[in-house]
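By convention here, the first residue in the shown sequence is residue 1. Every heavy atom of this structure was used, including side-chain atoms; hydrogens, water molecules and symmetry mates were not. We count ligands from 1, going down the list as the structure has it; atoms in each ligand are counted the same way.
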Amino acid sequence: MEIFVCKDYDAVSEKAFEVMKDIVANKADAVLGLATGSTPIGLYQNMIKDHKENGTSYAKCQSFNLDEYVGLPRDHRESYYTFMHTNLFSGIDIKEENVHLPYGDTKADCEAYEKAMEHVHVDVQVLGIGANGHIGFNEPGTSFDEETHIVTLTEKTRQDNARFFEGDINQVPTHAITMGIATIMKAKKILLIATGANKADAVAAMIDQAPSTDCPASVLQNHKDVVVILDEEAAAKLNR
Ligand code: F6R
């Protein structure tokens, strides 16, 4: 793992953008694994700015998102489909037919997403980390061998995400469809970003403890090309 500790959120977003730009600049048809949540918004803003100012093109890129809530229509304001269009896709020139997000609540829906990814090799997978160590929606206890599957969200994750649903946990879906850890680990490169003091325990477990399903992100120690970009608060509990 290559670990960078930056001053704050903006510096983390800038560093993450450097990694992304290096990939897209060298491979016009790069396959991007993307995440939602608060953490990557700054990265996506930098991508949009760079596209507008420098003409970096995503016209030949494909994207595959990590996850989606079960039970929200795609046009729901808090669906991850809406999030990605609002925060990234509407600001760059990626083609709608090249954009993929998992959707649905059946085994067939999960298999269909794996099938869509069968003939691509993700060049870079962007990840955030949950305060409980989840990556995608792979909650603690998830086997490292899982591919795309339906999950029951933990109370902790639903509480954390209630901020997007008027602070009301009852509005947060109880289930999600997510790439599994085995799916995520197939990416050529992983770019994990984390900011804020509420991530410090999860970040320390990911980096300093032996890989264990107690902290799903710790599986990344077994991947050969991982870049972790942290702000000082998220890095505060690291041993080194
Ligand atoms: C999002 C995802 C989640 C988030 C994580 C952190 O697609 O899969 O694992 O990355 O919950 O979320 P934020 O960035 O909102 O703290």
Side-chain angles (χ1 to χ4, degrees), residues 8-10 12-13 16 20 32-45 63-70 72 74 76 78-89 99-103 110 113 122 124-142 146-165 167 169 172-185 187 190-203 205-206 213 215-220 226-231 233-235:
D8 55 17
Y9 182 87
D10 287 347
V12 167
S13 302
M20 175 63 75
L32 310 179
L34 300 175
T36 59
S38 310
T39 315
I41 290 177
L43 161 66
Y44 297 158
Q45 286 171 348
S63 72
F64 288 86
N65 260 80
L66 283 169
D67 43 20
E68 178 61 283
Y69 288 119
V70 164
L72 296 187
R74 282 200 142 154
H76 188 282
E78 291 304 338
S79 76
Y80 286 170
Y81 181 90
T82 299
F83 176 100
M84 289 308 301
H85 283 79
T86 306
N87 289 293
L88 181 62
F89 300 151
V99 157
H100 306 84
L101 287 99
Y103 189 71
C110 298
Y113 200 56
V122 172
V124 60
Q125 175 66 58
V126 177
L127 294 178
I129 183 172
N132 63 2
H134 73 211
I135 48 174
F137 272 136
N138 295 284
E139 302 283 29
T142 308
E146 285 268 15
E147 295 194 320
T148 300
H149 62 292
I150 306 295
V151 292
T152 304
L153 300 177
T154 60
E155 179 90 3
K156 171 76 182 138
T157 295
R158 293 180 64 232
Q159 264 164 10
D160 286 347
N161 289 4
R163 67 190 194 278
F164 301 114
F165 293 84
I169 190 171
V172 184
T174 53
H175 292 78
I177 180 169
T178 183
M179 280 188 199
I181 289 174
T183 321
I184 291 170
M185 290 291 278
I190 305 271
L191 170 58
L192 185 141
I193 45 183
T195 58
N198 69 325
K199 301 294 173 66
D201 286 319
V203 165
M206 166 176 76
T213 58
C215 175
S218 64
V219 73
L220 300 176
V226 182
V227 179
V228 176
I229 305 176
L230 308 168
D231 72 354
E233 288 184 346

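- If you check which protein heavy atom lies closest to atom 16 (O) of ligand 1, you get Lys199 NZ, 2.6 Å.
- Relative orientation of the Phe83 and Tyr80 rings is perpendicular, given thresholds of 30° and 60° on the angle between their planes.
- Distances below 4.0 Å separate heavy atoms of Gly37 from the following atoms of ligand 1: 14 (O), 15 (O).
- At the top of the distance list for atom 6 (C) of ligand 1, counting protein heavy atoms only, stands Ile129 O, 3.4 Å.
- Under 4.0 Å from ligand 1, not a single heavy atom of Met179 appears.
- Nearest to atom 1 (C) of ligand 1 among the protein's heavy atoms is Thr36 OG1, 3.1 Å.
- Only the side chain of Leu66 comes within 4.0 Å of ligand 1, counting heavy atoms alone; its backbone N, CA, C and O stay farther away.
- What sits closest to atom 8 (O) of ligand 1 on the protein, heavy atoms only, is Asp67 OD2, 2.5 Å.
- Below 3.5 Å of separation, one finds an N or O of Gly136 facing an N or O of ligand 1.
- In this structure, Leu220 and Leu127 have side chains that are in contact, with non-hydrogen atoms separated by less than 4.5 Å.
- Under the 4.5 Å side-chain criterion, counting only non-hydrogen atoms from C-beta, Met84 is in contact with Leu34.
- Nearest protein heavy-atom neighbour of atom 14 (O) of ligand 1: Thr39 OG1, 2.4 Å.
- Aromatic pair Tyr69/Phe164: centroids not less than 6.0 angstrom apart.
- The single protein non-hydrogen atom nearest to atom 11 (O) of ligand 1 is His134 NE2, 2.7 Å, given as residue, atom name and distance.
- Proximity of His100 to Tyr113: side-chain heavy atoms (C-beta onward) are separated by under 4.5 Å at one or more points.
- Heavy atoms of Leu127 found under 4.0 angstrom from ligand 1: none, in either backbone or side chain.
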Let me see the working for Ser13 and Gln45 under side chain to side chain donor-acceptor pair (under 3.5 Å), right down to the final yes or no. CA-CA 9 Å; Ser13 302; Gln45 286 171 348; over 6 Å; no
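- Listed by atom number, the atoms of ligand 1 under 4.0 Å from Arg163 heavy atoms are 15 (O).
- Nearest protein heavy-atom contact of atom 10 (O) of ligand 1 is Gly128 CA, 3.3 Å.
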